[in-house]
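The sequence lines fix the lettering, A, B, ..., with proteins before strands; numbering per chain opens at 1. In what follows, every heavy atom counts, from backbone to side chain, and hydrogens, waters and symmetry copies are set aside.
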Amino acid sequence: MQSSLTIKASKLARGFTSLSTSLAASSPRRHVRIDGGGGGGGGTPVANKREAEQSCLASLRLCDTVPKLAQAHTHIIKSGLGNNPLVLTKFASTSSDLDAVDFACSFLFAPDADARLYDAFLFNTVIRACAQSKPRKALAFYNLMLRAGISPNKFTYPFVLKACAGIGDLSLGRSVHGSVFKFGFDEDVHVQNTMVHMYSCCGGGIEFARKVFDGMTKLDSVSWSAMIGGYVRLGESGHAVALFRKMQIARVKPDEITMVLLLSACADLGALELGRWVESYVVRESVQKTVELCNALIDMFAKCGDVDSALRLFRSMSKKTIVSWTSVISGLAVHGRGVEAVSLFDEMIAAGVVPDDVAFIGLLSACSHSGLVEKGRDYFNLMTKRFGIEHKIEHYGCLVDLLCRAGLIQKAIEFVEKMPLEPNPVIWRTLVNACRAHGELKLGEDITKRLIGKEPMHESNYVLLSNIYAKMSHWEKKTKIREVMDTKGMRKIPGSTLIELENEIYEFVSGDKSHDRYKEIYEMLDEMGREIKKAGYLASTSEVLLDINEEDKEDALNRHSEKLAIAFALLRTPPGTSIRIVKNLRVCEDCHSATKFISKIYDREIVVRDRTRFHHFKDGMCSCADFW
DNA sequence: AGTCGGAGGG
């Protein structure tokens, strides 16, 4: 309705016009243009100011794109409301599109703009718009606000704290916390909740988050979710689950966001039973089953080893997003079902869903885990050529991994040398590990030494080098590495295995005797050892990279955390049921071979999740076909 | 006269 309205160039309008045209020039794809006067004419003069205001506000309510906003701007000027604070602020708050907000800011904060128009609501609006994706910019506006002498109100801090969370700097967060206190908003539950969130997003801030959380007099579901989310982000999923139990005792009803977080913790821990409980809870308590919640369920099922349930849920969803597709494709990938993953990707394309860079990571890892070398290469090339998505370092990483796993180490090296991005340490470590596995020890040693030069405090570099020396039987060099690590105060991450039984999560480390039934567990371990030896198992002692004799090596192998967890499971679960365990590192070759025998002798399906993928053991075979 | 707030998915 405003399309015929044009501007008679007033002084103010001229200022706006030049600003907006320069903005248009800086973002050509938007084609923002404001008609600077002349042209059509014939606009009806507006009867009174109040009516004009209402008319402008009404037209702004309909704006959701930059061109529409530009049109509305024209209308505002025409109506003589170019300096009306109500209208201008509404203008800025109208679009969630950051480009549009930039566009609005370009005249709101123009040199010739009237600073008397600035108020807290205006700043809140622009801080909110930037908080998520441009946190530094949001904070710049906050500082501008303070410099302009405008006091923040209770709505300001949730936005500002969100921006601090995005930056993740603890000292910044603490200083903003000081301002919150100074302005007296530290009692507001919304502010407190965001404070918990902010601290938990800052490195080393979880204690501060907990302090705010513990000091709160009223905790709602958002408070609990913020704190649970903090633990999940930190990888402290056990703490997250424990906190959820406290939430239930406190009788605060969890909502769909709490459930998403809890599912994330389940996925991390491999806690399938708890994950299934979440699903039934959602149905029972009619928690809103949003797409995000379904996606979290898919991810949980896949990461807990039940990829078929993930698939079933995926098929039942009426609305799917790229995240849903990616979750299920990546899920199939880690289970070694690469062919299905690839065909699902093709189905997605056929359904007209546009893939993004993350979808390609899932797809390429599917090719990698299933040895689909040619397919992986093809998709890698199609990614840019057909879909116009630029390769990121992760995609190069996937391809290096693909070549290494397929044993094409020379090709992998050539690929790394030719890649246009600087290879990151992850890529180098993939390569080094392949060097070790394929006997390119000298090359592996050279690369690792360079890596240690670059990242002297990264322990996995030393572990890699140590493993290479062990394979070379250079024991004195290997010992020396241990010494270097000790003087730097570093330790190798101990291998550990999680298992969930009857609502409890148990953790085992190598040689663990902390469980109260450890004697039974070790007896079971001995029995397992005898039985699998009878069936033809041979300990693969070359994998034990310690400088000890063969017999001790075998003993060390027997006490690996995954074997302890399996023995425990055999004792505690009914015959014939599946066993699921989660290992924090990659499963070793000896445990892999032993587990195959155990699955056959004890007639159990054993699902092992290791750091990078799943192994489904059944009838003496593994789903990875010894390819991992 | 008075617009505005917190936690989440691959």
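- When distances are taken from the side chain of Asn124(A) to each of dC4(B), dG5(B), dG8(B), the shortest belongs to dC4(B).
- Heavy atoms of Val189(A) sit under 4.0 angstrom from at least one base atom.
- Counting only heavy atoms from C-beta on, Val358(A) has its side chain closest to dG10(B) among dG10(B), dA7(B), dC4(B).
- Looking at heavy-atom distances under 4.0 Å, Glu256(A) makes contact with a base.
- The residue Ala359(A) sits close to a base: some heavy atom pair falls under 4.0 Å.
- The Thr326(A) side chain lies nearest to dG10(B) when the options are dA7(B), dG8(B), dG10(B).
- Among the atoms of the strands shown, none is found under 4.0 Å from any heavy atom of Thr156(A).
- The side-chain contact (heavy atoms from CB on, under 4.5 Å) search around Ser623(A) returns His616(A), not counting sequence neighbours.
- Contact annotation: His197(A) side-chain N/O to dG8(B) OP1/OP2 distance is under 4.0 Å.
- Residue contacts for Asp299(A): at a heavy-atom cut-off of 4.0 Å it reaches the sugar-phosphate backbone alone, with no base atom in range.
- The local environment of CZ in Phe181(A) is sparse, with at most 12 non-hydrogen atoms from other residues, nucleotides or ligands closer than 6.0 Å.
- Checking dG5(B), dA7(B), dG10(B) against every side-chain atom of Asp356(A), the shortest atom distance belongs to dG10(B).
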Step-by-step side-chain hydrogen bond (donor to acceptor under 3.5 Å, both in side chains) determination, Asp255(A) to Ser221(A) = CA-CA 7 Å; Asp255(A) 59 18; Ser221(A) 70; 3.2 Å; yes
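- Residue Thr194(A) is in sugar-phosphate contact alone, with no base atom involved, counting any heavy-atom pair closer than 4.0 Å across all strands shown.
- The shortest distance between the side-chain N/O atoms of Arg233(A) and the OP1/OP2 oxygens of dG8(B) is below 4.0 Å.
- If you check every strand for non-hydrogen atoms under 4.0 Å, Val232(A) touches nothing.
- Taking only side-chain atoms of Glu292(A), from C-beta outward, the nucleotide of dA7(B), dG8(B), dT3(B) with the closest atom is dG8(B).
- Across all strands, Ile322(A) comes closer than 4.0 Å to base atoms (heavy-atom distances).
- Counting any heavy atom pair closer than 4.0 Å across all strands shown, Thr290(A) reaches a base atom.
- Residue contacts for Lys154(A): at a heavy-atom cut-off of 4.0 Å it reaches a base atom on one of the strands shown.
- Listed nucleotides: dG5(B), dG10(B), dG8(B). Nearest to the side chain of Val323(A): dG10(B).
- Within the structure, the salt bridge (Lys or Arg N to Asp or Glu O under 4.0 Å) test picks out no pair touching residues 170-190 of chain A (sequence neighbours left out).
- As judged by a 4.0 angstrom heavy-atom cut-off over every strand, Ser327(A) is placed among residues touching the sugar-phosphate backbone only.
- Using a 4.0 Å heavy-atom distance criterion, Val196(A) is classed as making no nucleic acid contact.
- Phe155(A) and Phe121(A) have their aromatic ring centers separated by at least 6.0 angstrom.
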